[in-house]
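Remarks on the structure that follows.
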Amino acid sequence: MPELPEVETVVRHLKPDLIGQKIISFQSNWSKVLDNINIDQFLETISDQKILDVTRRAKFIVLNLEKGFIPIHLRMTGRLFPNDRIPDEKHISAVFQLSDIFLIFKDTRKFGRIYWYDEWSDFDIKHGIEPLGELFTQEWLLMSIHSKKRQMKALLLDQHFIAGLGNIYVDEALWSARIHPLSISNEVSSVKIKRLHRSIRAILESAIVYNGTTFINFSFKDGIPGSYRNQLQIFDREGLLCKRCNTTIKKIRAAGRGTYYCTRCQKR
DNA sequence: CCGTTTGTTCTGCC
DNA sequence: GGGCAGAACAAACG
């Protein structure tokens, strides 16, 4: 279940292998893998184009071509990796044949999608602020959270609000800032929101250093795992003790997701 | 067959 | 009609 740090990790590892490669062809083994373009148009548009860069926006891996962009969303179980041949495995949703290498999109659950955009802005405006970008300031977060009246967990998971946080890092950030996941955004104190701003940045930056949190079955290149899992303070620790106050960690449902929090540190 | 997992889209309420 | 919560959905697996 890749979130921002995992996607960033994939992007950084793909970059050196993909930059400068030309797209020779594309094949899909799963008709729904292309989300907003049909295969014929896609083939015609991308063939012979060079990959100029590989970047990240929200939780999308973006192939920047000479003309246009291919955002790829891994969703739950998607994996994107370069290989010298097409693997003889199940669940290969799509394959890009490049000049020197194949780019494989393997996706067991088939929720992952490939998109096409001519214009960067058409894609960009669909997503919220980048939490590691310079527009994401303490003032912005304070104002934006106080101007809404929503459960904190649901708000932070909303990709139109902040792009890139998912279930793991939201729980970690809320624990770090000592905010109850069900507290209502306009009632959370300014002190806590300022703390949240610092927490979000610090947690994401640290998770990127550790190559993300491999959880269940996400991994990049050759299954090398991210190791932030060992740094988790609250997520997936139901029944264990809070590292700050030794209270037993509880699991509840918030915004329809399994949510871990400390009943003592994170008061409503 | 059911529960579980995710982000997005929908539906319906206020 | 905006803001919001919650259901539905996309598939596969055990």
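In what follows, every chain begins at residue 1, and chains take the letters A, B, ... in the order their sequences are listed.
The nearest whole Å value for the distance from the CD atom in Glu238(A) to the P atom in dT4(B) is 12 Å. As a whole-Å value, the separation of Phe111(A) CZ from dT8(B) P is 13 Å. Across the protein-nucleic acid pair, Arg113(A) atom CZ and dT8(B) atom P stand 12 Å apart, rounded to whole Å. Taking atom CG on Asp35(A) and atom C1' on dT8(B), their separation rounds to 10 Å, with Å as the unit. Between the OH atom of Tyr115(A) and the P atom of dT8(B) there is a distance of 8 Å, rounded to whole Å. Atoms CE (Met76(A)) and P (dG7(B)) sit 9 Å apart, rounded to a whole Å. Ile72(A) has its CD1 atom 18 Å from the C1' atom of dT8(B), to the nearest Å. Separating the NE2 atom of His127(A) from the C1' atom of dG7(B) is a distance of 11 Å, rounded to the nearest angstrom.
The aromatic rings of Phe60(A) and His73(A) sit perpendicular to each other, their planes meeting at more than 60°, with 30° as the lower class boundary.
An angle of 50°, rounded to 10°, separates the two end axes of the helix from dC2(B)-dG14(C) to dC14(B)-dG2(C), each defined over five pairs.
Using a 4.0 Å cut-off between charged side-chain N and carboxylate O, Lys15(A) and Asp53(A) make a salt bridge. A salt bridge does not link Glu238(A) with Lys250(A): every distance from a Lys NZ or Arg NE/NH1/NH2 to an Asp or Glu carboxylate oxygen is 4.0 Å or more. Ion pairing between a basic and an acidic side chain is recognised when a charged N comes within 4.0 Å of a carboxylate O; Arg56(A) and Glu8(A) show such pairing. Taking a cutoff of 4.0 Å between a charged side-chain nitrogen and a carboxylate oxygen, Lys153(A) and Asp171(A) qualify as a salt bridge.
The closest side-chain heavy-atom distance from Ile61(A) to Ile70(A) is not below 4.5 Å.
In terms of heavy-atom proximity, Lys126(A) sits nearest to His160(A) at O-ND1, 3.2 Å.
Evaluation of the salt bridge (charged side-chain N to carboxylate O under 4.0 Å, His left out) rule for Asp124(A) yields Arg57(A) as partners, not counting sequence neighbours.
Tyr169(A) and Thr213(A) form a side-chain donor-acceptor contact under 3.5 Å, judged by distance and modelled atom types alone. Checking Thr55(A) against Asn64(A) by side-chain atom types alone, a donor-acceptor pair falls below 3.5 Å. When only modelled atom types and interatomic distance are considered, Thr108(A) and Thr77(A) share no side-chain donor-acceptor pair under 3.5 Å.
Pairs engaging residues 185-204 of chain A under the ring pair (Phe, Tyr, Trp, His ring centres under 6.0 Å) rule: Phe136(A)-His197(A) [sequence neighbours left out].
A continuous path of ILVMFWY side-chain contacts below 4.5 Å connects Ile208(A) to Leu232(A), so both sit in one hydrophobic cluster.
Residues from residues 248-262 of chain A that place a heavy atom under 4.0 Å from any atom of DNA chain B, listed by number: Lys251(A), Arg253(A), Arg257(A).
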Each nucleotide N or O in nucleotides 9-14 of chain B that has a protein N or O under 3.5 Å away: list the pair and distance.
none

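Counting 5' to 3', DNA chain C first comes under 4.0 angstrom of a heavy atom of chain A and last does so at the ends given by dC4(C) to dC13(C).
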